[in-house]
There are 2 protein chains.
Amino acid sequence: MDNQGPDNQGPDDQGSKGRGPHARVLQTLGPAITSGDCPPGTVLRTDELEQRFEVSRTVVREAVRVLESMHLVESRRRVGVTVRPAEDWDVFDPQVIRWRLAGPDRPRQLRSLTALRSSIEPAAAALAAEHATPEQCAELTEHALGMVATSRGQQLAGYLVHDIAFHRVILRASGNEMFARLGDVVAAVLTGRTEHEVMFTDPDPEAVTLHVRVAEAVRERDAERAEAYTREITVGALRELDILAP
Amino acid sequence: MDNQGPDNQGPDDQGSKGRGPHARVLQTLGPAITSGDCPPGTVLRTDELEQRFEVSRTVVREAVRVLESMHLVESRRRVGVTVRPAEDWDVFDPQVIRWRLAGPDRPRQLRSLTALRSSIEPAAAALAAEHATPEQCAELTEHALGMVATSRGQQLAGYLVHDIAFHRVILRASGNEMFARLGDVVAAVLTGRTEHEVMFTDPDPEAVTLHVRVAEAVRERDAERAEAYTREITVGALRELDILAP
DNA sequence: GGACCAAATAAGTATGACTTTTGAGTCACG
DNA sequence: CGTGACTCAAAAGTCATACTTATTTGGTCC
């Protein structure tokens, strides 16, 4: 019974560098907490975790330290490792976002993220219109056209790639490092939307057109139009959610 | 360089529990990286850090793990702990934000955060108008009036308290957990503005009025007005920055 | 000159001993 | 009978050391 974990999540790590005991513990404990499997107030003892994962204190402690830095748990002497209430969690931590998107909290998480997105992206587009380099403008146009090309005939995978790339460029071109960092979040939302069969049919042609218009506006340095069209895109995304789960 | 000043920042740590060797290492290494003192590409070896901080391997490793989870460093075998480029950092991590606000990157950080704020808060206000409880409406009014009362006569400290509380309530009342989490960020920005003598004079009376109007709009469930007035507030904040450091 | 193998190196893991904090139980005293 | 202080033990925190594993480097052989 070496690696015969009783409730192992499985060796299918999709991208979260899952080699090493440390990562294994982290990638098990993190989701367990964010999924509500270990509800707030739950107390974990270090030696109990040692046995459960069959690793040394070193590994457990390092994993706990990381969870602590995400405000998922609090470690106190004579008490143990306590799971903190959800409102304390660092919900902006990409790792936490991924865990929650993979858990039962997914719908709520997608809503939050979409709302965040629709307030950020228009502003980012306006800034992008002012700061985008010619190369970035070219990329935008390229991906907008790519979206047009893949918008019909069940080419959702290809469409998604261009969609994500498009929004990534916008966020990066804004020149604001914090906006740029949200590229991963937007990618997660868009991917989630496709996966979650919200878009099992071809994308809304109007949305496709809007992307083309945004690319135009940015190229022409028209911040106002870039912002307005982007807002239409994100408002559409919000409406989509409301229709699906009011 | 020994750490002759372990906590010259002040002993009043509001949230960063600074006791223990682990925290000491983290609170020294983190700022050293985010400040550019250890530029990207710098390689730190574990045993070197052990000697430098006079702590055991355990402590160094735990600190490094946390820095790694923030994407500030990358630890590789046979190489060491490498400082990662700034664009990889988790700039949304509250800890990273605090470190950068305390370092030479502060102006840039304040700009980013203010831009973030001005795109988020209007949306939050609109949502707050829909979701705010009567208690939250009362709080809003209270703090808006508090701002009015402290807006004259060099009562900046009191004004700041109400200002922060006001925006915190807006963000929390939005019902979006991610918006709510930005309360600390907004607090940091507002505090930074006051500290940084951007507001060494009494606050703009117009801004004060706008806060009162936002409170009114939320109370009357008028999302559109709440959003518009909030946008005026944050646009004003942006303009303030542009005037100070164009 | 290129491919392949071996040694050196530094992170990663395991373990046992010891320290510090702190919750809880206990006992004396009002 | 209640309240305060005192003691004890449980669990995290720290340290030192030995050992493992991966990776780079460099040298050798074809």
Side-chain angles (χ1 to χ4, degrees), chain A residues 1-5 8 11 13 16-30 32-33 38 40-84 88, chain B residues 3 6-7 11 13 16-30 33 38 40-84 88:
Chain A
M1 51 185 291
D2 291 325
N3 55 355
Q4 177 59 3
N8 262 0
D13 294 295
S16 48
K17 41 177 175 179
R19 57 264 201 195
H22 168 77
R24 204 187 87 228
V25 174
L26 197 60
Q27 297 300 324
T28 308
L29 240 39
I33 294 170
C38 295
T42 305
V43 175
L44 309 164
R45 283 192 328 283
T46 300
D47 53 347
E48 173 205 327
L49 294 174
E50 284 179 49
Q51 292 173 14
R52 177 168 153 201
F53 291 101
E54 294 177 317
V55 293
S56 70
R57 269 204 306 297
T58 314
V59 171
V60 170
R61 286 187 48 73
E62 285 172 13
V64 166
R65 277 286 203 245
V66 172
L67 292 174
E68 203 174 17
S69 85
M70 298 170 177
H71 297 97
L72 259 53
V73 302
E74 186 183 3
S75 183
R76 292 180 57 195
R77 277 179 159 134
R78 168 71 197 210
V79 174
V81 178
T82 315
V83 177
R84 299 180 66 166
D88 291 345
Chain B
N3 54 343
D7 51 351
D13 291 296
S16 53
K17 40 178 164 183
R19 61 262 197 195
H22 169 76
R24 204 187 87 227
V25 174
L26 197 60
Q27 298 300 325
T28 307
L29 241 39
I33 293 169
C38 295
T42 304
V43 175
L44 309 164
R45 285 191 327 282
T46 301
D47 53 345
E48 173 205 328
L49 294 174
E50 284 180 48
Q51 291 174 14
R52 177 170 155 199
F53 291 102
E54 295 178 314
V55 294
S56 73
R57 201 192 183 98
T58 315
V59 171
V60 170
R61 285 189 49 73
E62 285 171 13
V64 166
R65 279 287 201 230
V66 172
L67 293 174
E68 204 174 17
S69 86
M70 298 169 176
H71 297 95
L72 259 52
V73 301
E74 186 183 4
S75 182
R76 293 179 57 197
R77 275 177 158 142
R78 168 70 200 217
V79 174
V81 178
T82 314
V83 177
R84 299 180 66 167
D88 291 346

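Keep in mind the model is a prediction, meaning the values are calculated, not measured. We name chains A, B, ... by the order of the sequence lines, and we start the count at 1 in each one.
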Next item on the list: Indicate yes or no: does A:R65 engage A:E68 in a salt bridge with an N to O separation below 4.0 Å.
Entry: yes
Check: Just checking B:L44: base, sugar-phosphate only, or nothing, at a heavy-atom cut-off of under 4.0 Å?
Finding: sugar-phosphate
Notebook entry, point to check: Base, sugar-phosphate, or nothing: which does B:S75 touch, judged by heavy atoms less than 4.0 Å apart?
Noted result: sugar-phosphate
Note to self: Output the rounded distance in Å from CG (B:L49) to C1' (C:dA10).
What the structure shows: 13 Å
Next item on the list: Give the first and the last nucleotide of DNA chain D, reading 5' to 3', that has any atom under 4.0 Å from a heavy atom of chain B.
Entry: D:dT14 to D:dT25
Notebook entry, point to check: Under 4.5 Å between any side-chain heavy atoms of A:V81 and A:L67, yes or no?
Noted result: no
Find every protein N or O atom lying less than 3.5 Å from an N or O atom of nucleotides 18-21 of chain C, and list the pairs.
| residue | atom | partner | partner atom | Å |
| --- | --- | --- | --- | --- |
| C:dT20 | O2 | A:R77 | NE | 3.3 |
| C:dT21 | O4' | A:R77 | NH1 | 3.4 |

Margin query: Without decimals, in angstroms, what is the distance between B:R45 CZ and C:dG12 P?
Written below: 14 Å
Next item on the list: Describe the nucleic acid contact of A:R61 in one word from base, sugar-phosphate, nothing, applying a heavy-atom distance below 4.0 Å.
Entry: base
Next item on the list: Mind listing the closest non-hydrogen atom pair of B:C38 and B:V83 along with its distance?
Entry: O-CG1, 3.5 Å
Note to self: In this structure, how many angstroms lie between the P atom of C:dG12 and the CD atom of B:E50, rounded?
What the structure shows: 13 Å
Checklist line | A:R57 or B:V64, whichever maps to the more 5' nucleotide of DNA chain C | finding: B:V64
Note to self: Which is more 5' along DNA chain D, the nucleotide nearest B:E54 or the one nearest A:T46? Just name the residue.
What the structure shows: A:T46
Item checked: Spacing of B:E74 atom CD relative to C:dA11 atom P, expressed in whole Å -> 13 Å
Notebook entry, point to check: Are A:V60 and A:V55 side-chain neighbours, meaning at least one heavy-atom pair lies under 4.5 Å?
Noted result: yes
Next item on the list: State, yes or no, whether a side-chain contact exists between B:R84 and B:I33 at a heavy-atom distance under 4.5 Å.
Entry: no
Notebook entry, point to check: Can you list the residues that meet the side chain to side chain contact (heavy atoms under 4.5 Å, CB included) rule with A:R76, with sequence neighbours excluded?
Noted result: A:E74, A:V79
